[in-house]
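Whatever order the structure lists them in is the order used to number ligands and atoms, beginning at 1. Treat the numbers as computed from the prediction; the structure is a model and nothing was measured. Just so you know, these numbers use all the heavy atoms, side chains as well, and skip hydrogens, waters and symmetry mates.
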Amino acid sequence: MERITQILTDKVSAAFQKCGYDAELGTVSVSDRPELCQFQCNGSFKASKLAKKAPLAVAEEVCSVLSEDSAVKIAEAVKPGFINITLDDSYLIELLAGLEADEHLGVPQIGKGEKIIIDYGGPNVAKPLHIGHLRSAIIGESLKRLARACGSEVYGDIHMGDWGLQIGLVIAELAVRNPDWRCFADDFDTESETVDALDVDLLNEVYPFASKKSKEDEAFAKAAHEATFELQNGRAGYIALWKEIMRASVADLKSNYEKLNVDFELWYGESDADKYIPELIERLTEKNLLRESDGAMVVDVAREDDKAPMPPVIVKKSDNSSIYATTDLATIIQRERDFAPDKIWYVVDKRQGLHFEQVFRCAKLAGLVPEKTELEFLGFGTMNGSDGKPYKTRDGGVMRLSDLLKTVTDGAAEKLSASEFVTDENRAETAKRVGMAAVKFGDLINHRAKDYIFDLDKFLSFEGKTGTYLLYTVTRINSILKKTADEKTVLSGIHNDAERELILSILLSGEAFCYAHAEKAPNYICDSAYRIAGAFSRFYHDSHILTEQDEATKSSWLALIKLTKAVLSKHLDVLGIEAVDAM
Ligand code: ARG
């Protein structure tokens with residue numbers, strides 16, 4: 001189904017043309033003054049200049065053509081030359097029936113034919129997930145679902161940090177604590193020897209300990225760098241230990257992401273890019289892009305018109321080890337080879353913007369992807385505490401993601417404790433879903449690039465722009481539908497103003513999907529969902545569905561709320577929010 005402003009633009013363009021003006025002038029938008037009309041067109045102003053006529057005269061001519069269309073209830077020329085349009089109720093119902101019959105429920109298929117890889121999540125193996133990873137997971141998952149809803153072929157890649165210094169730090173510290181482990185011996189034999197199972201809690205303790213130690217103890221820092229280098233160069237015992245670290249960490253990561261209802265098609269990491277590094281170096285050499293600088297190999301990416309400093313990309317350090325930029329460049333080779341995507345989006349903390357700009361420039365200079373491939377950095381802001389500073393634990397430490405998720409689920413459970421609608425059997429799952437909805441909506445309602453304040457009480461409120469309110473709205477619809485399960489549902493007409501408002505909010509959701517898709521910004525989906533939920537509440541208040549005596553009216557209302565639920569659920573799904581049956 002085409003979006004509604006497009007359908008109306010076609011009509012109004014034809015009217016402009018019929019009056020002898022350019023069809024292009026007929027662009028229709030949603031009214032900024034809903035109390036006056038539903039839609040508007042401001043093309044008369046431009047037409048008046050071209051035709052040397054008063055804008056109001058042009059608007060009047062166009063309106064008189066539009067008034068002949070049975071879809072239009074009122075087409076009004078308003079001083080100094082606006083065209084205000086209100087649609088006929090029967091036409092709104094016709095559009096709504098079209099949306100009901102559309103397999104995509106009015107979501108425009110504007111991404112069809114595009115292949116996209118979204119790099120999000122970005123956890124670091126052996127380091128516990130902390131709240132810095134929350135936004136990448138929430139926003140990335142939503143952008144993936146959004147692109148998919150709009151028809152694109154999309155792959156989410158977690159891109160684990162599994163190859164860098166953090167692993168070297170853990171290996172070095174484990175070697176200090178367990179010097180007799182066979183994996184540290186020079187003659188470790190991969191064929192006949194294995195590494196004992198590691199516990200993720202141990203890793204979570206070892207990493208911060210080793211990281212702190214490396215800042216105070218130079219010899220240890222050196223050992224960690226050496227371990228990183230030897231690992232990357234294939235030392236057998238280290239590789240075996242690394243595999244065990246990966247096994248333990250990935251299982252833990254999976255369970256945390258599962259709680260968030262976030263899942264990845266591709267579980268690659270920086271280590272998977274390793275085998276493409278020789279090819280990267282070859283291609284950079286071929287294009288004559290590599291330059292030596294203090295023993296390191298770098299690529300200059302600055303341009304003359306740069307307003308801010310643009311340092312060269314370091315591809316190999318003086319000790320010949322690879323770093324963050326190296327693996328990101330090699331990963332581009334891998335993605336191009338495996339998928340040849342039209343777009344690669346990186347959902348990463350906005351403070352990494354410079355790194356990605358360097359990497360993208362280098363990738364384009366080296367021709368790692370075709371010129372037309374869109375490499376885009378979608379940076380996000382920080383989640384802050386009530387003091388406006390990055391959210392911390394009570395004692396000022398970095399909050400672990402698993403602790404945050406527990407706090408949220410406990411908060412939701414408490415909120416629901418008095419509800420008679422939640423059965424004991426469903427209580428834990430419902431609390432989890434309500435908690436996740438609260439956190440996700442509280443995040444996604446903000447434009448991704450902005451910082452926001454984490455306020456659990458607000459997020460869990462049943463009123464206002466919250467995920468809780470949206471879930472509650474769906475449960476109210478469920479309860480009516482359960483009581484009327486056997487009744488007919490056929491859209492027929494519009495019986496009151498609140499009903500018209502609800503219908504319009506549903507019809508306009510296609511616009512929200514368009515904006516969200518164009519700007520890669522799920523906040524438009526949040527706004528649209530809230531508008532629909534609010535319109536439903538007013539409609540529900542004004543229309544006594546269950547006691548309505550007129551059969552056709554009741555049937556039409558039931559059809560409308562069924563559709564409201566379907567469309568709201570589509571919004572929630574794109575936000576990565578799971579609905580609950582009752583609460
Ligand atoms: N592991 C990185 C970090 O924690 C994020 C990875 C983002 N993705 C990428 N392709 N570099 O900062």
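Here the side chains of F513 and L146 are in contact, with some heavy-atom distance below 4.5 Å. With a 4.5 Å cut-off on side-chain heavy atoms, L231 and I239 count as touching. The side-chain heavy atoms of L508 and S528, taken from C-beta on, include no pair separated by under 4.5 Å.
When hydrogens are left out, the protein atom nearest atom 12 (O) of ligand 1 is Q352 NE2, 2.9 Å; that is the closest non-hydrogen contact.
Here is the list of ligand 1 atoms found below 4.0 Å of a heavy atom in H133: 4 (O). The contact set between ligand 1 and Y346, taken as ligand atoms under 4.0 Å from a residue heavy atom, comprises 10 (N). Using a 4.0 Å cut-off to heavy atoms of G122, the atoms of ligand 1 that qualify are 1 (N), 2 (C), 3 (C), 4 (O), 5 (C), 6 (C). Of all atoms in ligand 1, numbered sequentially from 1 with element shown, those under 4.0 Å from a heavy atom of N124 are 1 (N), 2 (C), 3 (C), 4 (O). Interface of D119 with ligand 1, defined as ligand atoms under 4.0 Å from a residue heavy atom, comprises 8 (N), 9 (C), 10 (N). Close contacts between ligand 1 and D328 involve ligand atoms 9 (C), 10 (N), 11 (N) [criterion: under 4.0 Å to a heavy atom].
A salt bridge does not link D342 with K372: none of the charged nitrogens is closer than 4.0 Å to a carboxylate oxygen.
Here the side chain of R448 pairs no donor or acceptor atom with the backbone of F380 at under 3.5 angstrom.
Close to ligand 1: Y324, with a non-hydrogen atom less than 4.0 angstrom away.
For the pair K144 and W345, the NZ or CZ position fails the cation-pi test of under 6.0 Å to the six-membered ring centre and within 45 degrees of the ring normal. For the pair R335 and F339, the NZ or CZ position fails the cation-pi test of under 6.0 Å to the six-membered ring centre and within 45 degrees of the ring normal.
No part of Y120 comes within 4.0 Å of ligand 1, judged by heavy-atom distances.
An N or O contact shorter than 3.5 Å is missing between V348 and ligand 1 by distance. Residue contacts with ligand 1: H355 is placed with no nitrogen or oxygen under 3.5 Å of a nitrogen or oxygen of the ligand (distance criterion only).
With hydrogens and angles left out, the side-chain atoms of N384 and Y452 include no donor and acceptor closer than 3.5 Å.
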